[in-house]
Structure formats: structure tokens, C-alpha cells
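To find a chain, count down the sequence lines: A is the first, B the second, and so on, and within it residues start at 1.
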2 protein chains.
Amino acid sequence: MTTPPLSRSEAKDQTRRRLIRAALAILDQEGEAGLSTVKVAKAAGIAQSSFYVHFKDMQDLLRVLAEEGGERLRGAMREARRKAREEPGDLDRHRDTFRIPLEASCRHPELLRIQLRARHDPSSALRDFAVRTAAAYRDHHAADLAALGYTADDERDRRRLEMIAEGINAATNALAIGHLEGRYPDLDECADILTALSRGALRLLRHEATGPRHPDRSEPAHRPAPADPAAGEQRGDGG
Amino acid sequence: MTTPPLSRSEAKDQTRRRLIRAALAILDQEGEAGLSTVKVAKAAGIAQSSFYVHFKDMQDLLRVLAEEGGERLRGAMREARRKAREEPGDLDRHRDTFRIPLEASCRHPELLRIQLRARHDPSSALRDFAVRTAAAYRDHHAADLAALGYTADDERDRRRLEMIAEGINAATNALAIGHLEGRYPDLDECADILTALSRGALRLLRHEATGPRHPDRSEPAHRPAPADPAAGEQRGDGG
DNA sequence: TTTTTCACCGATAGTACTATCGGTGAAATT
DNA sequence: AATTTCACCGATAGTACTATCGGTGAAAAA
């Protein structure tokens, strides 16, 4: 038995972390309805009343949980993206676009499940987190697709690009869940399906973009896109 | 004005229906967490204790709700399918495949939202309903795709077909929600996106199904087109 | 009419959870 | 060593909900 002389603040922080982890586990296993200060505190090994030493109330804990969860997801996405950049994969840039969120999701199954649940639940304290996470994924896709050369010049194409990104995002989540449930063991195959799905949709986009049905504006307007895919959102860690 | 001489059983049945409708509304607006016998009974205009005249407990009400909801969704799907059969739409068979579930979902927004929520919530009494509904949609898609000539001979193709159907289903729900939220006003456009999405994925399937077992072959430019799904395109206009 | 039935009511016991209280002992500070 | 700080404790008041009770009046049956 190690006898690490924990300082008071270290011990407190450790308890706090136990509370957060306990809440995450209960949230994943029993859902938001199963959450209570009693259960969380007990699972963390402290008295129910001591819960309030660390958090103002359950809402407060969930806020912190969402913040940290969002950071973890974003970090996983960043990491996967970085790894994808280092690897040869020039040929499969398109495919990587789908592997990255898939891997990020599967690296944190509880967060994925919680996010999917909370997204449409008006009573959920995590709804905001879920909506923002989904928006981040959608933007990631939209930006990556734009980077692949699928520009959206007019209003309609922009909307279509968004719709495609949203559909792809939903499919990504569904396949990630399927993978986590063991139905689709091969993550590469999931990425393949997503790649194939998007390819068809993008053809529609490009088709519309190159040969407009209503040539009212003869302006090609080949604007060089936002250039940085989703890098702009968290380019922070530099190179 | 109206003086409808309601028999006792008629009045009771009407109260029961009010309870179910009230529960559905609360469920949609506040989520499962906001549900209580107090609220439901009050919204239905009766005393809380009288709730138990009609249902054993809240679980019982939710069971009935799920049964009726499932029946309504299935009915809407059946109806849309029937209507699609009657219409000329030979050209847009493929597209109809996606319009049908879209319309069915949008006809019952509360049920769609509730289903999406409950699907991944382990604490939800409606989880079973959600899972079965999702499975029904997925099967609908898989069957329709099969009807379009995309056979799945071996294990792998079967799994891929299922994955495609699951992805498409998820995208369908996402776009239906987007439509209900007003972001995608044109349901036809949603169907177009879904059509395009599936077309790419089906190409992958067909490629695997018709081509010889040589995985190194790159994308062929020719179009064998067994059942002619994409032939109709949409107004084609080669441009 | 007389009697029975029963949908509905108010009251309430019981359960589960929240959030605050004063107390305690060991770490931290003096 | 003496004092202060504070993370944690048990107890408990307060809140919200569930589910059961006996009572009531009007519809239904006799």
C-alpha cells in the first residue's frame, strides 16, 4: 500500500474527480433519471451532504461534466485529425474525414450515448452540451467537405451542404453506436459506408454546382472556400 | 351548446383519451422527467388520484402510449406507401423510398422526438417502443432497397445493406427534425438529399455484388444498372 | 322507485430526494 | 504548542411524487 501524503487540496480535488466519474458512470448506465446526489455521493464514497462541498447542486456538476466532456471530445477529434495528417493517407483523405469523428466518438462511448440522449430531451441539463457537440461535428464535416473542393456558392448549395453534413453526422453516430454494440465490429467498414454515402450526396452538390439548372447568374463565383477545414475552430495547439 | 348524452363508459373512455393526450404533450414538451401523475391528471382535468381509475401506474400509461404511437406511425407509413403506389411515380420510386418515412415521421413530430430521445435512454420506459420503431424503419429501408434490385448474397453484403439502411434511417430522422425545426422547409429537398446519400452507398454495394471478387479494381466508369434505380435521377437534365 | 355501480373526489401515509444545519478531527497555519 | 481552517459527517426540515383510502353523486340496473 502506497502511503502518499496527500495535501488537503489534493485530496479534495481527488474526491471531486470521483464525484464526476461516478456521475458519468451512473448517467451512462441509468440515464439522467437515475442520477441523484445520494447515488453519486455514495458511489464516490462520501456522504450525501458532502456533495455540496464540491458542487452547488446537481446542475452545477452536470455543467462541469459537459464542459470537460466537450473538451475531451474535441481533444479526441483533434488527436485523430493530427494522426491522420501524419499518416500517408493522401489517397484516403476523403475516408479519413469519416474515420476521425467515428474514432473520436468510439473513444468516449459514454459521452456519445449521453449526447445522443440529451440532444432531444428538453428536460436535460446536458442539452446544450449535446447541441453544441452535434454542431461541432456537423461543422467539422461541412468544413472537410468544403476542403475537398465542394464549394457552396449560393444559398441553396450552402443549405444542401449543411443538410448533407447533418445527415452524415447522424449516420456517423448511428454506426458508431452499432460498432459499440458489437454489430459492426469493423470500424473501417463503417468509414467505408460513410464515405460511400457522402460520395453520392456530393455528386449531387457538384452536379448542381457545375451545371446550374437555372443559369440566371452566369457568374461562376469560384471562391476559394474558407480554406482551413475545421482547423480554424481549434487551431490553437499550433504545429 | 352541444348536449351530448354521454354514457358512462363513453365518458370514461374520453377521460382516458385526455390522459393519454396530456401525457403525450407533456412528454414532448418537458421530457420524460417532467412526467408525473399530478401533471398528467391536472392537464386532463381530473384529480391526481383518479389517474389510477384508468391506469395501473405511469408505466402502464406509457405502455399504452407506446402501443398506440407505434400503431400510428406504422399506419402513417402504410398510408404514405399506399399513396405512393397510387401516384404515377414510376420514375421516382427510389425517391419515394425516402419520402415515405420522412412524411410518416413529420406527421407525428411528438412521437418522432420521443422516440429519438428514448432510444438511447436506459431509464426510459419507452425504450422498447423506440428500438422497435427504429428497427421497423430500418427494415423498411432495407426491404425497399432490396426491392430496387440490390440483393445481398453473402454475409458481408447483408451487413453492408443493414449498415446503409441504418445510416439512412439516422439521416432521415435528422433531416425530419431539421424540417420540423424549420431549418429545412422543403421536404422534397430532404428526400433529394437522402436519395443522393443512398445512391452513393448503393453504388458501393452494387459494385461489390456485380463485380468479380477483385478488391483492387478501382471505381468503374460504366453503369451496368441492374434495376435502374438512379436512371430516373430527378428530371435528369444532363446539362 | 329503489338499489347498485362506479368515475371521480379529497385526504393522507409512504417514499425518495434536496439542501442546510451544527459538530468533528486532522491538516494547515500561526 | 496553540490556533485556525475545512472536508467530511449525521441529522433533519422541506419538497415532490406515488398509491391507497373512504366518501359522494349521478348514471345504470333492478
Peer 1: Treat primed atoms plus P, OP1 and OP2 as sugar-phosphate and everything else as base, then score nucleotides 4-10 of chain D 5' to 3': B for base contact with protein heavy atoms under 4.0 Å, S for sugar-phosphate contact only, - for none.
Peer 2: -BBSBBB

Peer 1: Using 4.0 Å as the upper bound for N to carboxylate O, is an ion pair formed by A:D186 and B:R156?
Peer 2: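 Judged by the 4.0 Å cut-off on N to carboxylate O distance, B:R156 and A:D186 do not form a salt bridge.
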
Peer 1: List for me each residue that meets side chain to side chain donor-acceptor pair (under 3.5 Å) alongside B:R132, sequence neighbours excluded, and say none if there are none.
Peer 2: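 If we apply the side chain to side chain donor-acceptor pair (under 3.5 Å) test to B:R132, skipping adjacent residues, the hits are B:D128.
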
Peer 1: Suppose we define a pair by two distances each less than 3.5 Å, Watson-Crick or G-U wobble; what does D:dG22 pair with here?
Peer 2: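 Partner of D:dG22: C:dC9.
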
Peer 1: Test your reading of the model: is there a side-chain donor-acceptor pair from A:R127 to the backbone of A:R119, 3.5 Å cut-off?
Peer 2: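 Looks like yes, one N/O pair under 3.5 Å.
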
Peer 1: With sequence neighbours left out, what residues match B:Q14 under side chain to side chain donor-acceptor pair (under 3.5 Å)?
Peer 2: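 None.
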
Peer 1: Between B:E68 and B:R72, does any NZ, NE, NH1 or NH2 come within less than 4.0 Å of an OD or OE carboxylate oxygen?
Peer 2: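 Looking at B:E68 together with B:R72, the answer is no, because their closest N to O distance does not fall below 4.0 Å.
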
Peer 1: Report the distance from atom CZ of B:F55 to atom P of D:dT18, rounded to the nearest whole Å.
Peer 2: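 Distance, rounded to whole Å: 14 Å.
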
Peer 1: Under the side chain to side chain donor-acceptor pair (under 3.5 Å) rule, collect the residues that match up with A:R159, sequence neighbours excluded.
Peer 2: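 Residues passing side chain to side chain donor-acceptor pair (under 3.5 Å) with A:R159: B:E189.
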
Peer 1: Atom OH of B:Y52 to atom C1' of D:dA19: distance rounded to whole Å?
Peer 2: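 Going from OH in B:Y52 over to C1' in D:dA19 covers 5 Å.
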
Peer 1: Nearest whole Å is fine: how far is D:dC17 C1' from B:I26 CD1?
Peer 2: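 Roughly 14 Å, once rounded to whole Å.
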
Peer 1: Which whole-number value in Å describes the distance from B:D57 CG to D:dT18 P?
Peer 2: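 Going from CG in B:D57 over to P in D:dT18 covers 10 Å.
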
Peer 1: So if I take residues 28-43 of chain B and measure heavy-atom distances to DNA chain C, which residues fall below 4.0 Å?
Peer 2: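 Within residues 28-43 of chain B, no residue comes under 4.0 Å of DNA chain C.
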
Peer 1: Which residue pairs satisfy the salt bridge (Lys or Arg N to Asp or Glu O under 4.0 Å) criterion with at least one member in residues 20-37 of chain B, sequence neighbours excluded?
Peer 2: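 For residues 20-37 of chain B, and leaving out neighbouring residues, the salt bridge (Lys or Arg N to Asp or Glu O under 4.0 Å) pairs sorted by first residue read B:D28-B:R113, B:D28-B:R117, B:E30-B:K39.
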
Peer 1: Measuring from B:L62:CG to B:D57:CG, what's the distance to the nearest 0.5 Å?
Peer 2: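 It is 9.0 Å, given to the nearest 0.5 Å.
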
Peer 1: Rounded to the Å, how far apart are B:F51 CZ and C:dA11 C1'?
Peer 2: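 The answer, rounded to whole Å, is 19 Å.
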
